[in-house]
Amino acid sequence: MNLADTEIVLGILNKSGYSPTQAIDEADVVLLNTCSVREHAEEKIHQRLNVIRKQMAEKPELVVGVLGCMAERLRSSLMQRHNVDIVVGPDEYRKLPDLVDGAFTGSQGIGVRLSRTETYDDVTPFRSEGISAWISVMRGCDKFCTFCIVPFTRGRERSRTLTSVVAEVEQLVKQGFREITLLGQNVNSYIDSGHDFADLLSAVADVDPGLRVRFTTSHPQDLSDKLIDSIAAHDNLCNYIHLPVQSGSTRVLEAMNRTYTREHYLALVSKIRSRIPGVALSTDIISGFPTESEGEHKETLSLMEEVRYDGAYMFKYSPREGTPAYRLGDDIPEEVKARRLSEIISLQQKISGEVNESLVGNTMNVMVDGPSKKSELQMSGRTDTNKTVVFQAGQYKPGDLVLVKVERATSATLFGQVVGSLS
Ligand code: SAH
Ligand code: SF4
């Protein structure tokens, strides 16, 4: 989401004559786009700002700004703590050109109003070259999970129009993009004059049958049958759903205000698996939510065993001031949280390894990403189900589709031989 927002910011600034540089010592303006979802993410930004402040001492005219959720949450206190020039939250990026210009003449600027309508529908994001592009189709979140700061830093839900998203996808296809990911905090809340997310997804898939279409994130409460049917009906809608569960205990889910039970979640998984054969599922899990008992933690482990996720993003609970869970206190000791998290991580690694191992011998349709990270002699790509596949390098370019026979697997990667090409 933040990478997509950064492309919007670059789009806005580019129109005003600014261009990006990768080298910080060449920069006249340094903007940090930030995340508040966990304490750790914020800590990293405070450290980075301390480093940048030293650079500012050598180059006093350097303009420094903080964007995104930390700007929204901490507001002018960021100016006091780090002496930055600009603080701009997620809904006020259109003000950036004026605020940056002002900062060059010495004035500090702040823009942290949340909007009920801003979607940056008409802004062309400044994307780097490649084969994959993100499109934010809705902003904000109205779910108010009790642990989460996002509804406070990103404001209320609102959607872009279906026609503007489809037009953007058509343009991206013309530019050579081969994979599109539609983004939202909860894409199931997408709504544009009667069109829901399943309608949007189908419309995007119909732009070009050769385009791979992904989306994230779906909330388990309102993932509709219609959405499942759309995925099943379109070959180019990837058979991969990120479906954050957070906990395997109904009591904890209730305390988290997730609005579904363990049973509802498991029934949803069965339904998805029966209608989309071969679908890959991933999830998010929080360990050590306030009041979580040892038995409830074990329920999370047993749910993972039951679902057998292809992958998971796993976190220690981090108290966020202003959220309802914050008022419950942070009563699970750090070492208990850490131990529970490491049990969750090792179980998931074991399951991912077994799931990947079961694919050995299969031939998979892989979209080439480029040279592999580890060796020039190898290339890597991804399956429809978003698994990384490494194979011997050949005359393939990013975006090509090849058939790879899987020969071995680890919990993170499949390895194989190209046995055919689809491009
Ligand atoms: N809208 C997405 C999630 C956005 S935040 C969704 O609902 O799926 C991404 C993930 O961060 C969440 O799914 C959750 O697992 C984790 N997260 C959010 N707040 C957290 C907190 N206070 N402590 C630990 N993890 C948190
Ligand atoms: Fe946060 Fe819940 Fe909204 Fe996701 S759905 S952004 S976890 S409040």
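Start at 1 and go down the list; that is how both ligands and their atoms are numbered. All values below were derived from every heavy atom in this structure, side-chain atoms included, with hydrogens, water molecules and symmetry-related copies excluded.
- Distances below 4.0 Å separate heavy atoms of Thr217 from the following atoms of ligand 1: 6 (C), 8 (O).
- In this structure, the protein non-hydrogen atom closest to atom 21 (C) of ligand 1 is Ser318 O, 3.6 Å.
- Taking distance alone, with nitrogen or oxygen atoms compared against 3.5 Å, Asn186 stays at or beyond that limit from ligand 1.
- Between the OH atom of Tyr18 and the CG atom of Asp101 there is a distance of 4.0 Å, given to the nearest 0.5 Å.
- Here the CZ atom belonging to Arg382 is positioned 4.0 Å from the CG atom belonging to Asp369, to the nearest 0.5 angstrom.
- When hydrogens are left out, the protein atom nearest atom 2 (Fe) of ligand 2 is Cys145 SG, 2.3 Å; that is the closest non-hydrogen contact.
- For the ligand labelled ligand 1, residue His219 lies outside the 4.0 Å heavy-atom shell.
- Atoms of ligand 2 lying under 4.0 Å from at least one heavy atom of Phe144, given by number and element, are 8 (S).
- Here the side chain of Ser159 pairs no donor or acceptor atom with the backbone of Met138 at under 3.5 angstrom.
- Interface atoms of ligand 2 facing Cys148, defined by a heavy-atom separation under 4.0 Å, are 1 (Fe), 6 (S), 7 (S), 8 (S).
- Separation of atoms CD (Glu118) and CZ (Arg113) is listed at 12.5 Å; rounding is to 0.5 Å.
- A salt bridge between Lys350 and Glu354 is present, with a side-chain N of the basic residue lying under 4.0 Å from a carboxylate O of the acidic one.
- In summary, Cys141 places no N/O/S atom under 2.8 Å from atom 2 (Fe) of ligand 2, failing the contact criterion.
- Counting heavy atoms closer than 4.0 Å to ligand 2, residue Val150 contributes side-chain atoms (C-beta onward) but none from N, CA, C or O.
- Interatomic distance, Leu10 CG to Leu13 CG, rounded to the nearest 0.5 Å: 7.0 Å.
- Checked against the 6.0 Å centroid criterion, the rings of Tyr260 and His219 qualify as a close aromatic pair.
- Ring pair Tyr326/Phe147: centre-to-centre distance not below 6.0 Å.
- Checked against a 6.0 Å centroid threshold, the rings of His242 and Tyr313 count as neighbours.
- Counting heavy atoms under 4.0 Å from ligand 1, residue Gln185 touches it through both backbone and side chain.
- Heavy atoms of Arg258 approach ligand 2 to within less than 4.0 angstrom.
- Note: Leu422 CG to Leu401 CG = 5.5 Å, rounded to the nearest 0.5 Å.
- When non-hydrogen atoms are compared, ligand 2 lies under 4.0 Å from the side chain of Pro151 (C-beta onward) but not from its backbone.
- Under a 4.0 angstrom heavy-atom cut-off, Val150 registers as lying outside contact with ligand 1.
- Remark: ligand 1 and Phe147 share an N or O pair separated by less than 3.5 Å (distance only, no angle test).
- Interface of Lys143 with ligand 2, defined as ligand atoms under 4.0 Å from a residue heavy atom, comprises 3 (Fe), 5 (S).
- Remark: ligand 1 atoms within the under-4.0 Å shell around heavy atoms of Tyr317 are 23 (N), 24 (C).
- Nearest non-hydrogen protein atom to atom 5 (S) of ligand 1 is Val37 CG2, 3.7 Å.
- Counted by atom type alone, His297 and Glu343 present one or more donor-acceptor pairs between their side chains at under 3.5 Å.
- Across the listed options Gln221, Arg154, Gln246, Glu39, Gln246 owns the non-hydrogen atom lying nearest to atom 15 (O) of ligand 1.
- The option from Gln185, Arg154, His219 that lies nearest to atom 6 (S) of ligand 2, judged by heavy atoms, is Gln185.
- Checking Ser249 against Ser247 by side-chain atom types alone, no donor-acceptor pair falls below 3.5 Å.
- Judged purely by atom type and a 3.5 angstrom limit, Tyr120 has no side-chain atom pairing as donor or acceptor with the backbone of Arg160.
- Each of the following atoms of ligand 1 lies closer than 4.0 Å to a heavy atom of Phe315: 10 (C), 11 (O), 15 (O), 16 (C), 25 (N).
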Please determine whether side-chain contact (heavy atoms from CB on, under 4.5 Å) holds for the pair Thr250 and Glu263, giving the CA-CA distance in whole Å, both sets of side-chain angles, and the decisive distance to 0.1 Å. CA-CA 8 Å; Thr250 295; Glu263 289 68 34; 3.5 Å; yes
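- With Arg38, Arg258, His242 as candidates, the residue nearest to atom 7 (O) of ligand 1 on a non-hydrogen basis is Arg258.
- Atoms OG and CD1, on Ser318 and Ile286 in that order, are 9.5 Å from each other to the nearest 0.5 Å.
- Of all the heavy atoms of Ile286, the ones lying under 4.0 Å from any atom of ligand 1 belong exclusively to the side chain.
- Atom numbering of ligand 1 starts at 1 in the shown order; those under 4.0 Å from a heavy atom of Lys316 are 23 (N), 24 (C).
- Of all protein heavy atoms, the one lying nearest to atom 10 (C) of ligand 1 is Asp284 OD2, 3.4 Å.
- With ligand atoms numbered from 1 in the order given, ligand 1 contributes 8 (O) to contacts under 4.0 Å with heavy atoms of Pro244.
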